[in-house]
2 protein chains.
Amino acid sequence: MADRTRPATIADVAARAGVSQASVSRVLNGKQNVDPAIATRVHAAVAALGYTPSIAARSLVHGRNDTVAMVVPDLENPLFQGILKGLSLAAAADGYRVLVADTAEQADEEPAIAREARHRCDAIVLCAPRMPAPQLRALAPLLAPAVVVNRSLDDPAVPTVGVDYARGMRDLVDHLAGLGHTRLVYLAGPDASSSQGERMRGLRDAVTAHPGVTVDALPCGSRLDDGHRAADAVATAVRAGATAVIAFNDLVALGLMPRLVELGLRIPDDVSVAGFDDVPLARYATPPLTSMSVPRSELGAQVWSRLRALIAGEASEHALLFRPRLEHRTSTAPPSEARRTAGVREAAAAASASAPATATASATAELGVGA
Amino acid sequence: MADRTRPATIADVAARAGVSQASVSRVLNGKQNVDPAIATRVHAAVAALGYTPSIAARSLVHGRNDTVAMVVPDLENPLFQGILKGLSLAAAADGYRVLVADTAEQADEEPAIAREARHRCDAIVLCAPRMPAPQLRALAPLLAPAVVVNRSLDDPAVPTVGVDYARGMRDLVDHLAGLGHTRLVYLAGPDASSSQGERMRGLRDAVTAHPGVTVDALPCGSRLDDGHRAADAVATAVRAGATAVIAFNDLVALGLMPRLVELGLRIPDDVSVAGFDDVPLARYATPPLTSMSVPRSELGAQVWSRLRALIAGEASEHALLFRPRLEHRTSTAPPSEARRTAGVREAAAAASASAPATATASATAELGVGA
DNA sequence: CTGTTAGCGCTTTCAG
DNA sequence: CTGAAAGCGCTAACAG
């Protein structure tokens, strides 16, 4: 039937149906009023030839290709995955597809990758937590239509969909303080990460609001391994009187907890642990991990909503910020009375048995009110 | 300088450089020998105009757009993510980008989604574990160039990159049998999943090879929740004498373990638990989860290697199958002597205290030699 | 209502 | 070695 050597073109269909290409185009795009008889013949020809319009040709004419790009630093991060999924599904509902560009954490390559990806698509979603703010501020407008996700940007022309990390941290500290914790440890994320900065801000606000509470920041990272490696330092801090740990995110918390247990600490009896992001596994951790829930998919969906508006030529909407929600689980509880009141703890003794005594105080930074 | 209203075209560059479009094209594509003087002027014009070739126009002429599609049933599955990441990175190294098409588990929509995605790209990667084999066998060739990942397909024209799930299961049972376990429980994945079928095959082989060993298959699923929900049934089986559980994958195992502990069972003292895939979190689970490691990124990289060959017009390579590697961790250990020899167990009593006595025997299927 | 005619921006013969 | 011209496949005026 159909000639399998060369994909059928609109000309083939027109010839076969005995009409002009314009008519075929009209029929296929439901334009104007077309004689039903012609429509029938066109459809028949299309079916017989197995014709499908060339995306490339159509893109050239229309100047768009119904595809949007999303650059992500790491496809394996649950947060970015969720955003991508939400975006992908929402965009698909409008006939758009998503092109992914994993920058493999190469922050310096991001601008180039973003431009290239944008060039192939009608719009772009920037997820670049590590990119210096000035650089992002300069880059984003050049990529328009673009929306920035997971961080803020002071440019009304570039919509933003983010998470109020500062507020989330503040709420988390409120939670811990409410339980009676006064000496907290924070396992910090990558210095370059924008959300890390926002978290620190939230922490400072919290410390100001809770005069009796202190938070020591320990350098850590954003992944499972980082959390695992930070366990010794945390144990040391606990021995020195800390009763709760806030991890940069759930991955860090999840990597941290088992090692803490290995070091002889009980969670939450000896130390409470909280994460951030509320990844699916958090509720199934041992013990179930208290976390600040972030609506990953919804972030992606909202990104699409803004991107679509931009593509349609509408003015950019207001910045959107989701407030994380506390998911209180077993990993956080009031400090034991002994730990709460005394300077010396039973648990500390247990911990010191297996934990190295290496002091990491030099890397520690206590958050002052104005710090 | 550059006119910001309309993107510069090759004609603009040609005019500005005072040469023909053909020359511009030649310079930009490094074709033939071009007069250095002309090249210089072209480059200057390009820079001045901020010119970038139109991807759409180029695609129309070349008949390709340096993009490949990948359809996945669920972007949140760690296995698929890993494959996507590996593919994305490998493809990027050759100047290709990846378009993702999440089918949101709508197996019946897959063919349509796949065709649509393929139509926008030069090739496609099919990850469709739930699609009936006959349907896939019929579809894949129509999508060529295409490669199927994570399952096999009996078509020499369609390359395949998969995981030897049967062998993995076999090896896992060997491991468990070697530890002394004889009564195993298998938490089965979705019936429609091809890898579920392969796992069952491996299980049957194993049972045949180990005369004293039996495996009871319990319907379960492929996600955290599924594992969590299956805990009661597992506890019942343990009370009835089972000493080890093999989960369809790590997600299931990770969801299962905490609930098992809640029900009063100790892992691995009362019951050993093993997963499959070796997701990053497995090693940080409580207890660390024994799993069959699958090279996720490598799968993606190999997929790209095959796809690239196909795009280049080379003959399709032989099917590739990775053999999972055992990662023996704490969650599997020899059964306690008491459990191993006696028909009655101490742990069972503990378990029965909190676990409902509901029998799930009706949903159970023991694997016979020829089953 | 339908056919004709220009392009969309780029590459590529084919002359010169 | 370079320019002119012919498309790639499709859509969108513009006439009829």
Side-chain angles (χ1 to χ4, degrees), chain A residues 2-3 5-46 49-67 95 116 118-122, chain B residues 2-3 5-46 49-67 95 116 118-122:
Chain A
D3 181 354
T5 62
R6 172 181 57 85
T9 73
I10 197 173
D12 300 327
V13 176
R16 170 134 190 168
V19 298
S20 70
Q21 296 187 192
S23 288
V24 175
S25 179
R26 288 188 191 105
V27 171
L28 268 33
N29 295 296
K31 295 289 182 63
Q32 305 179 180
N33 294 328
V34 187
D35 184 312
I38 283 191
T40 308
R41 285 157 57 203
V42 168
H43 283 128
V46 166
L49 267 25
Y51 167 77
T52 326
S54 154
I55 299 283
R58 186 180 293 206
S59 296
L60 180 55
V61 169
H62 283 144
R64 60 190 178 72
N65 63 2
D66 303 301
T67 302
E116 196 274 343
R118 166 65 181 86
H119 193 233
R120 297 180 185 239
C121 304
D122 302 341
Chain B
D3 183 353
T5 63
R6 171 183 55 85
T9 74
I10 197 174
D12 300 328
V13 176
R16 170 135 189 168
V19 298
S20 72
Q21 297 188 191
S23 289
V24 176
S25 180
R26 288 187 191 107
V27 171
L28 266 34
N29 295 297
K31 294 291 181 62
Q32 306 180 181
N33 295 328
V34 187
D35 185 310
I38 283 192
T40 307
R41 284 158 57 204
V42 167
H43 283 127
V46 166
L49 266 26
Y51 168 75
T52 325
S54 154
I55 300 282
R58 188 183 297 217
S59 297
L60 180 55
V61 170
H62 283 145
R64 61 188 178 70
N65 64 1
D66 303 302
T67 302
E116 196 274 342
R118 165 67 181 84
H119 192 233
R120 298 182 183 235
C121 305
D122 303 340

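From a predicted model like this one, the values you see are computed outputs, not experimental measurements. A note on names: the letters A, B, ... follow the listed sequences, proteins ahead of strands, and every chain is numbered from 1.
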Taking the side chain of [X] as heavy atoms from C-beta outward, which of [options] is closest to it?
| X | options | value |
| --- | --- | --- |
| A:S20 | C:dT2, C:dG3, C:dT11 | C:dG3 |
| A:A57 | D:dC10, C:dT12, D:dT11 | D:dC10 |
| A:L60 | D:dC10, D:dG3, D:dG9 | D:dG9 |
| B:D35 | D:dC14, D:dT2, D:dC10 | D:dT2 |
| B:I38 | D:dT2, C:dG3, C:dT12 | D:dT2 |
| A:A22 | C:dC10, D:dC10, D:dA12 | D:dA12 |

Residue mapping more 5' on DNA chain D - nearest nucleotide basis, A:S25 or B:V61: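 The answer here is B:V61.
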Check against side-chain contact (heavy atoms from CB on, under 4.5 Å), A:R41 and A:I38: CA-CA 5 Å; A:R41 285 157 57 203; A:I38 283 191; 4.3 Å; yes
Would you say [N] has OP1 or OP2 under 4.0 Å from some side-chain N or O of [X]?
| X | N | answer |
| --- | --- | --- |
| B:S54 | C:dC10 | no |
| A:K31 | D:dT11 | no |
| A:R58 | D:dG9 | no |

Distance, rounded to the nearest Å, where [X] contributes [atom1] and [N] contributes [atom2]:
| X | N | atom1 | atom2 | result |
| --- | --- | --- | --- | --- |
| B:N29 | C:dT13 | CG | C1' | 15 Å |
| A:Y51 | D:dG9 | OH | P | 10 Å |
| B:I10 | D:dG3 | CD1 | C1' | 13 Å |
| B:R64 | C:dC10 | CZ | P | 16 Å |
| A:L28 | D:dT11 | CG | P | 8 Å |
| B:L49 | C:dC10 | CG | P | 11 Å |
| A:R26 | C:dT4 | CZ | P | 11 Å |
| A:N65 | C:dG9 | CG | P | 15 Å |

From CG (B:L49) to CD1 (B:I10), nearest 0.5 Å: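 The CD1 atom of B:I10 is 12.0 Å from CG of B:L49, to the nearest 0.5 Å.
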Distance, nearest 0.5 Å, that separates CG of B:D122 from NE2 of B:H62: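 Output value for this atom pair is 11.5 Å.
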Option from A:H119, A:R118, A:R120 for which side-chain contact (heavy atoms from CB on, under 4.5 Å) with A:E116 holds: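 By the side-chain contact (heavy atoms from CB on, under 4.5 Å) criterion, A:E116 pairs with just one of A:H119, A:R118, A:R120: A:R120.
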Touch class at under 4.0 angstrom, heavy-atom based, for B:V24 against every strand present: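 The residue B:V24 makes no contact with any strand.
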Check ion pair B:R6-B:D12 (N to O, under 4.0 angstrom):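 Salt bridge flag = yes for B:D12 with B:R6.
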